[in-house]
Amino acid sequence: MIEIELDGKKVDIVEGSMIMHAAEKAGTYIPHFCYHKKLSIAANCRMCLVDVEKMPKPMPACATPVTQGMIVRTKSDKAIKAQKSVMEFLLINHPLDCPICDQGGECQLQDLAVGYGGSSSRYEEEKRVVFHKDIGPLISMEEMSRCIHCTRCVRFGQEIAGAMELGMSHRGEHAEIEAFVGLSVDSELSGNMIDICPVGALTSKPFRYSARTWELSRRKSVSPHDSTGTNLVIQVKNNTVMRVVPLENEAVNECWIADRDRFSYEALNSSDRLTTPMLKQGGEWKSVDWQTALEYVAHGLQGIKSSHGAASIGALVSPHSTLEELYLAGTLVRGLGSENIDYRLRNAEFAKGQAGARYLGLAIADLSNLERVLVVGSNLRKDHPLFAQRIRQANKRGCVISIINAMAADWGMPVRNSALVPASQWVDALADIASVVAADKGIPAPQSGVATDVAKSIAQSLLGGERKAILLGNAAAHHAQASQILALANWIGTHTGANFGYLTEAANTLGAQLAGAMPGAQGLHAGQMLSGGVKAALLLNTEPAFDSAAGAAAVAALKQCEMVVTLSPFKANMECSDVLLPIAPFSETPGTFVSAEGRVQSFYAVVKPLGEARPAWKVLRALANVLGLSGFDFESAQEVLQHMHMHEEGGVPAQIPAHRLSNNCALQPASVATASEPCVASIYQLDSIVRRATSLQLTADGRAGHTLHAAHEVAP
């Protein structure tokens, strides 16, 4: 640590830091545009010029290292004059079009121009004009004349997203930010460029000209998509979600969000929303009131129970549903006398008797500090964009990345060791690694394997370093030999000192396990229910045609049921359902998600439910009351949460207790995998909300997802 004097105050700061870092520590604001705490230093806007004693001219605070005894003045006449001069230069070519700019009201240039800009300009020449560019359906570059060449967007792509999709061409007054050779920006994190742009050069295409920032109410929420538990700020106008931006949380998503989290809100306002209960009568759908719909469902379930027994009723639920909804769905089905409930629609193996909920095995923040990582069965960048971003930062600090996967994919980071083999050989690939570890440790291998060159490289990687992890992706979780993959990862992790666990697919995959959304000892799992095992099916927030491994076959099986009840925010499953009950999406209901690391995050509704839609926990409570089931007298979602076995520590914990989480799995005799590949949703087909977000479906990943789903539908 060294000591400097900043505006008369003594500041202790780590040697090698910049003046800007010292100012941040002291709580002193220095105006800037190109500097961003998560990006490398470019020092090209010069707005942060400060007065450093014994320096003949003002120095950029972001790029001037501190030295012992340095004296810095950020508000001296010399510093202020330099900053005002820079502002004058920045405004020479800037179009003063604030009244029509989407960034108006939240623009750094606009804010700083008030304090550092002049009331008039000495420059009378024509301002330069930069031609607009089309870089895709998410980001607008219509007003690139506003660009001040801070290069934040360029550095973000290169350093955070892992792909330099934008760059600066030419020099001087001809310099432009562009995507070269007519390419589009296709990163799954691209929307963050909008946030970090300090002017109105990059704006949101879906939000463009929809509202002014000061018209919007801001409310906190949590993403319902992947297992990161991304913290959001949802911006609302007239009871409509208008925009979604990140809520900074260093332990979870830092200051970033994935495009899936940012732009999926379009579905919440789509014409596909289900706004009233509907019954299918004579092959036609008719709107009815809630009482009629609930009595129809209750009468049908009771009749099927009488005719075929309680075991003929089952529930298929989505891991994107809230903890409260999943708990009540399970309680309702069990109240009818059935044990048939499952969230694992994409799984090929349905192991029973696991010791605890499967989870990440380490804190999300620890991904940034790994020295060694082995990822099995995941296209990490697309399946978990923010996890990939953290591992990318670890990789820059020397983390060695190894993968076992069926195909190569661009992760936006160098992968040292790649075992690219069919999914049916993943167990063998892990056994090979385990055999090398066993030979190194002088202990018996858990399963016979071959010490291939890639197995040796991966094993030696895991045997070195201090902070390491074995991460099982969505394809590994849905694999026909999922338990064996986990058991081998368990063994390798134990003998190399690596953490091991699942990345987990959905916002509440972990919560679904804790809420008991899995069949009991005599219950049917999702695969059995979707192959004709039940006479009545409750579908909570899920579309088996898209969300299950069975695909079109699942729809055919459901058509054979005597009653199918869909609870969804959208007009879903209309082909096979008898009743549609409109439930509120995450933006219109309170609830709780449990992230991959076991972090419990509750949130409130940010808008009122659309039309006659109601929160699913209320619908399930009302249906249970009509059925005459006891134990459903809850007045709030929070009361449901408190009623669950989540209160062991005295109130709902912020983190699931360790004794309720376990990735331990006993190694079973080697089995032969089925020929089918694991069922994995593409990035913009993950759940019912992203599937209906128009702009996301127009992206390169969205179009690719449609192609993959079509191929899945026609597969034998």
Side-chain angles (χ1 to χ4, degrees), residues 1-55 57-87 90 103 105-117 148 150-152 155-156 159-160 192 195-199 213-214 218 220 231-233 235 245-257 365 368-369 393:
M1 299 289 283
I2 60 176
E3 184 180 82
I4 71 168
E5 183 181 307
L6 184 75
D7 291 339
K9 294 190 295 184
K10 301 293 184 182
V11 181
D12 291 325
I13 190 72
V14 177
E15 188 173 3
S17 300
M18 303 297 161
I19 293 174
M20 185 70 81
H21 300 143
E24 286 179 340
K25 184 176 181 180
T28 299
Y29 178 73
I30 299 176
H32 60 272
F33 294 115
C34 69
Y35 172 78
H36 190 282
K37 63 183 178 180
K38 295 291 183 181
L39 303 177
S40 63
I41 292 169
N44 53 9
C45 78
R46 317 308 280 185
M47 190 65 208
C48 64
L49 292 175
V50 293
D51 179 8
V52 180
E53 193 169 277
K54 297 182 181 178
M55 292 284 188
K57 59 182 181 179
M59 302 298 291
C62 69
T64 304
V66 294
T67 58
Q68 179 63 39
M70 176 184 275
I71 298 175
V72 181
R73 301 180 184 89
T74 68
K75 297 176 175 62
S76 67
D77 290 343
K78 185 177 179 180
I80 297 296
K81 184 178 179 181
Q83 292 162 359
K84 287 187 174 181
S85 296
V86 170
M87 177 61 71
L90 288 174
Q103 200 86 333
E106 53 186 6
C107 170
Q108 278 182 259
L109 182 65
Q110 188 181 53
D111 293 342
L112 291 177
V114 173
Y116 298 89
I148 60 170
C150 69
T151 69
R152 279 186 178 183
R155 285 174 286 145
F156 171 83
E159 298 166 16
I160 306 299
N192 293 291
D195 291 337
I196 63 175
C197 180
V199 295
T213 180
W214 54 83
R218 290 160 176 78
K220 298 177 183 178
N231 289 198
L232 309 175
V233 174
Q235 300 182 350
V245 296
L247 174 63
E248 186 170 349
N249 185 335
E250 279 296 314
V252 181
N253 55 293
E254 300 176 85
C255 56
W256 316 119
I257 58 174
S368 301
N369 301 314
Q393 304 314 310

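The analysis underlying the following values was restricted to heavy atoms, covering all of them including side chains, and did not include hydrogens, waters or symmetry mates.
- Across every non-hydrogen atom of P246 and D195, the tightest pair is CD-OD2, 3.1 Å.
- Across every non-hydrogen atom of L49 and A82, the tightest pair is CD1-CB, 3.8 Å.
- V50 has its side chain within reach of I19: a pair of non-hydrogen atoms, C-beta onward, lies under 4.5 Å apart.
- Between the side chain of N192 and the backbone N or O of I257 there is at least one donor-acceptor pair closer than 3.5 Å.
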(message) Quick one, N44 with T151, criterion side-chain contact (heavy atoms from CB on, under 4.5 Å). Give me CA distance, side-chain angles, the key distance, then yes/no.
(response) CA-CA 8 Å; N44 53 9; T151 69; 3.2 Å; yes
Taking only distance into account, with no hydrogens and no angle test, what donor-acceptor pairs under 3.5 Å do side-chain atoms of residues 2-11 form with protein atoms, sequence neighbours excluded?
residue : atom : partner : partner atom : Å
D7      : OD1  : T74     : N            : 2.8
D7      : OD1  : T74     : OG1          : 3.4
D7      : OD2  : T74     : OG1          : 2.5
K9      : NZ   : A26     : O            : 3.4

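- Evaluation of the side-chain contact (heavy atoms from CB on, under 4.5 Å) rule for K220 yields L247 as partners, not counting sequence neighbours.
- Legend: residues meeting side chain to side chain donor-acceptor pair (under 3.5 Å) with S76, ordered by chain and number and at least two apart, are D51.
- Of all non-hydrogen atoms in G105 and Q110, the two that sit nearest each other are N-OE1, 2.9 Å.
- In this structure, the ring pair (Phe, Tyr, Trp, His ring centres under 6.0 Å) partners of F156, at least two apart in sequence or on a different chain, are W256.
- Within the structure, no pair that satisfies the salt bridge (Lys or Arg N to Asp or Glu O under 4.0 Å) test touches residues 22-34, not counting sequence neighbours.
- Using a 4.5 Å cut-off on side-chain heavy atoms (C-beta onward), N369 and Q393 make no contact.
- Legend: residues meeting side-chain contact (heavy atoms from CB on, under 4.5 Å) with P198, ordered by chain and number and at least two apart, are F33, Q108, I148, C150, R152.
- Between the side chain of Q235 and the backbone N or O of T213, no donor-acceptor pair lies under 3.5 Å.
- Every residue was checked against the side chain to side chain donor-acceptor pair (under 3.5 Å) condition with N253, not counting sequence neighbours, and none meets it.
- Listed by chain and residue number, E248 satisfy the salt bridge (charged side-chain N to carboxylate O under 4.0 Å, His left out) test with K37 (two or more places apart in sequence, or in another chain).
- Listed by chain and number, the residues in a salt bridge (charged side-chain N to carboxylate O under 4.0 Å, His left out) with E250 are K38 (sequence neighbours excluded).
- Nearest heavy atoms, M87 versus L109: SD-CD1, 3.8 Å.
- Partners of R73 by salt bridge (charged side-chain N to carboxylate O under 4.0 Å, His left out), not counting sequence neighbours, listed by chain and number: E53.
- In this structure S40 satisfies the side chain to side chain donor-acceptor pair (under 3.5 Å) test together with E159, sequence neighbours excluded.
- Taking the side chain to side chain donor-acceptor pair (under 3.5 Å) definition, one finds that S368 meets it with R390, sequence neighbours left out.
- Of all the heavy atoms in M18 and C62, the pair that sits closest is CG-O, 3.2 Å.
- A tilted orientation is assigned to the rings of Y29 and H32, their planes being inclined by 30° to 60°.
- Counting non-hydrogen atoms of neighbouring residues, nucleotides and ligands closer than 6.0 angstrom, the CD atom of E15 reaches no more than 12 such neighbours.
- A side-chain donor-acceptor contact under 3.5 Å links S17 to the backbone of V14.
- Considering all non-hydrogen atoms of both residues, M70 and P65 come closest at CE-O, 3.3 Å.
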(request) Walk me through it: do S85 and R46 pass the test side-chain hydrogen bond (donor to acceptor under 3.5 Å, both in side chains)? (result) CA-CA 10 Å; S85 296; R46 317 308 280 185; over 6 Å; no
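- Atom CD1 of I71 is separated from atom CE of M55 by 12.0 Å, given to the nearest 0.5 angstrom.
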(request) Step by step, work out the side-chain contact (heavy atoms from CB on, under 4.5 Å) result for C48 and Q83. (result) CA-CA 7 Å; C48 64; Q83 292 162 359; over 6 Å; no
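- For the pair Y116/P31, a side-chain contact is recorded, criterion being any heavy-atom separation below 4.5 Å from C-beta on.
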